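Report on one structure; see the data block that follows.
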Amino acid sequence: MSKDIPDNLVRRTAFPHSVSRAVVTPLQPSVVYASPDPDTLDSQYDGTAFGYTYSREGHPNATVLAQKIDAMEGCEGGLITSTGMSAVTAVMLGLLQQGDHVIGGNQLYGRSLRMLTQELPRYGITHSLADPTDANAIEAAITPATQMILVEVVSNPTLRVADMDGIAKIAKAHGLILVVDNTFTTPRAYRPFDIGADVVIHSITKLLSGHSDAMLGYVAAKAPEHREAIEGTIVTLGLSGSPYDAWMAERGMMSFHLRYDRAEENAAILADHLADLGAKRVLYPGRPDHPDHNRAGALLGPRFGNMVSFEIEGGRAAANAFTRAMPDMAFAPTLGDIGTTVSHAASSSHRGLTPEGRAELGMSEGFFRVSVGVEDISLLKDEFAKGFAAL
Ligand SMILES: *Cc1c(COP(=O)(O)O)cnc(C)c1O
C-alpha cells in the first residue's frame, strides 16, 4: 500500500481553465502573495511594478471596494480599514504630531469624541470642541498649534447641519487639514472633496455596505503625502480590513443608491407621520421646522437623508413601553441597515453624559433616532402607530 500523497494535496492548484467567466467578484482570502523572483519583489516594494505582497498592506478585495467609493467621492487612492474607527485612528495618528491641536465638531460620533478627548491627550495632542453649525465658533477655537478640523456634515442624533462652506473657507485661510466624516450623508448627498476637504472618512459598516454584516472603514486623502502617511499608519498599526468583509461590502454597495433613495423617500414620509402621531418634537432636515432646513437644502442638493429623530413625553418608562410595543422594529444602536432600526441616545450613544449634559444637547429620556430602511412605508407607519398607541 503506497503512503505517498498526491502532489496536489498540499500544493495549491488553480481552477480549471474555463471559456466562460464568473460574474461575481472573486473573494481572495490569501494572506500572502508569491512573486517570481527578488527583482520583481523589489520593484513591487519600490512601486515600479504593481503587485500584492502581504494582505495587511493591501489585497484585491480592498482595492475593488475602495475604487467604487473613490468613484462616488470623486477621488483616487482610497484606503480600506477594519472599521470606521480605525479610519479615524489612522487619520489622527498618521497626520498629527505631539504638540498639535485638533478642533472637533461638538456633536461628533461618540467614539470620535472619545478619540479626541481621551486617547489623543495621551499622545500629547490637544483638542477643542466647537459648534460646526457656526463657522465663527470653529474659527474662534483655532490656536497657533491647530493643525486639523474634524467635522461631520450632519450631526448624530440631533441632525444639525454643519456650515461646511464656512468651515472649508476657514480651513483654507489658516492652512488647516479639513477632515470630513461623510458616513451619515454619503456621497449620494454630499461630496466633501468638491468644497475643499483634504481627507474623507467613512464607516462602510453603515449605509454603504448596508446589511449590518460587514464592518469596515474608508479613508481618502487629496494630498499624496497625506495619503502616504495614513497608509503607513494603517499598515504599521494593523488597521487594515479583511478580504471577506470587503467582499461582502462590495456586494452590499451594488444596491446602495437604490437603498438610499428608497430609505430617504420613506424618511420624509415617516417624519411627517411621527409629527401627526403626536411626537413632542420631530427632527428631519427636510422639514421646514428643522433649525437648519435652509442650509440642508442648499448643501445637500436637497438630499435630506434617511435619519429622523423625535421625542416623546413621559421619561424612561414611556421609552420602554414605546420600544416594547414595536418588536418588529429592531431597537439597536446602529444606522444604515437595509431595515429600519431605532436607537435611544440616553441608554446608548450618550449614556456617558449626565442627564443635564444630555438635556443641553436636547436629548431627554424620550429622545429616539430612527435609521429608516427600505420597507413598505405603510408597514413603517403601522409599526410606529403601535408605539405611540402604547403611550
Ligand atoms: C459608526 C460611525 C463611525 C465608526 O464606524 P465603525 O465602523 O462602527 O467603527 C464613525 N463615524 C460615524 C459618523 C459613524 O456613524
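None of the values given here were measured: they were computed from a predicted structure. Both ligands and their constituent atoms are indexed starting at 1 by order of listing.
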Report the nearest protein non-hydrogen atom to atom 5 (O) of ligand 1: residue, atom name, distance rounded to 0.1 Å. Ser203 OG, 3.0 Å
Nearest option to atom 7 (O) of ligand 1, as decided by whichever heavy atom of Leu108, Thr205, Thr334 sits closest: Thr205
Taking the six-membered ring of Tyr218 as reference, does the cationic atom of Lys206 (NZ for Lys, CZ for Arg) lie under 6.0 Å from its centre and within 45° of its axis? no
Distance from atom 12 (C) of ligand 1 to nearest protein heavy atom, with residue and atom: Asp181 OD2, 3.4 Å
Given Phe368, which of Phe384, Phe388, Phe322 fulfils the ring-ring contact (aromatic ring centres under 6.0 Å, His included) condition? Phe322
Shortest non-hydrogen contact between Thr205 and Met215, atoms and distance: OG1-CA, 3.5 Å
Taking 4.0 Å as the limit for heavy-atom contacts, which would you say applies to Glu152 with ligand 1: side chain only, backbone only, both, or neither? side chain
Nearest neighbour in protein (non-hydrogen) for atom 1 (C) of ligand 1: Lys206 NZ, 1.4 Å
Side chains of Gln44 and Thr53, donor plus acceptor under 3.5 Å: no
His101 and Thr146 side chains, donor-acceptor separation under 3.5 Å: yes
So which heavy atom in the protein is nearest atom 8 (O) of ligand 1, and how far is it from that ligand atom? Met215 CE, 3.9 Å
Please report which non-hydrogen protein atom sits nearest to atom 9 (O) of ligand 1, along with the residue it belongs to and the distance in Å to one decimal place. Met85 N, 2.9 Å
Donor on one side chain, acceptor on other, Asn61 and Glu250, under 3.5 Å: no
Would you mind checking which non-hydrogen protein atom is closest to atom 4 (C) of ligand 1, with the distance to 0.1 Å? Tyr109 CE2, 3.5 Å
Compute the shortest N/O to N/O distance between Gly84 and ligand 1 and return yes if it is under 3.5 Å, no if not. yes
Residue from His226, Glu152, Met148 passing side chain to side chain contact (heavy atoms under 4.5 Å, CB included) with Val179: Met148
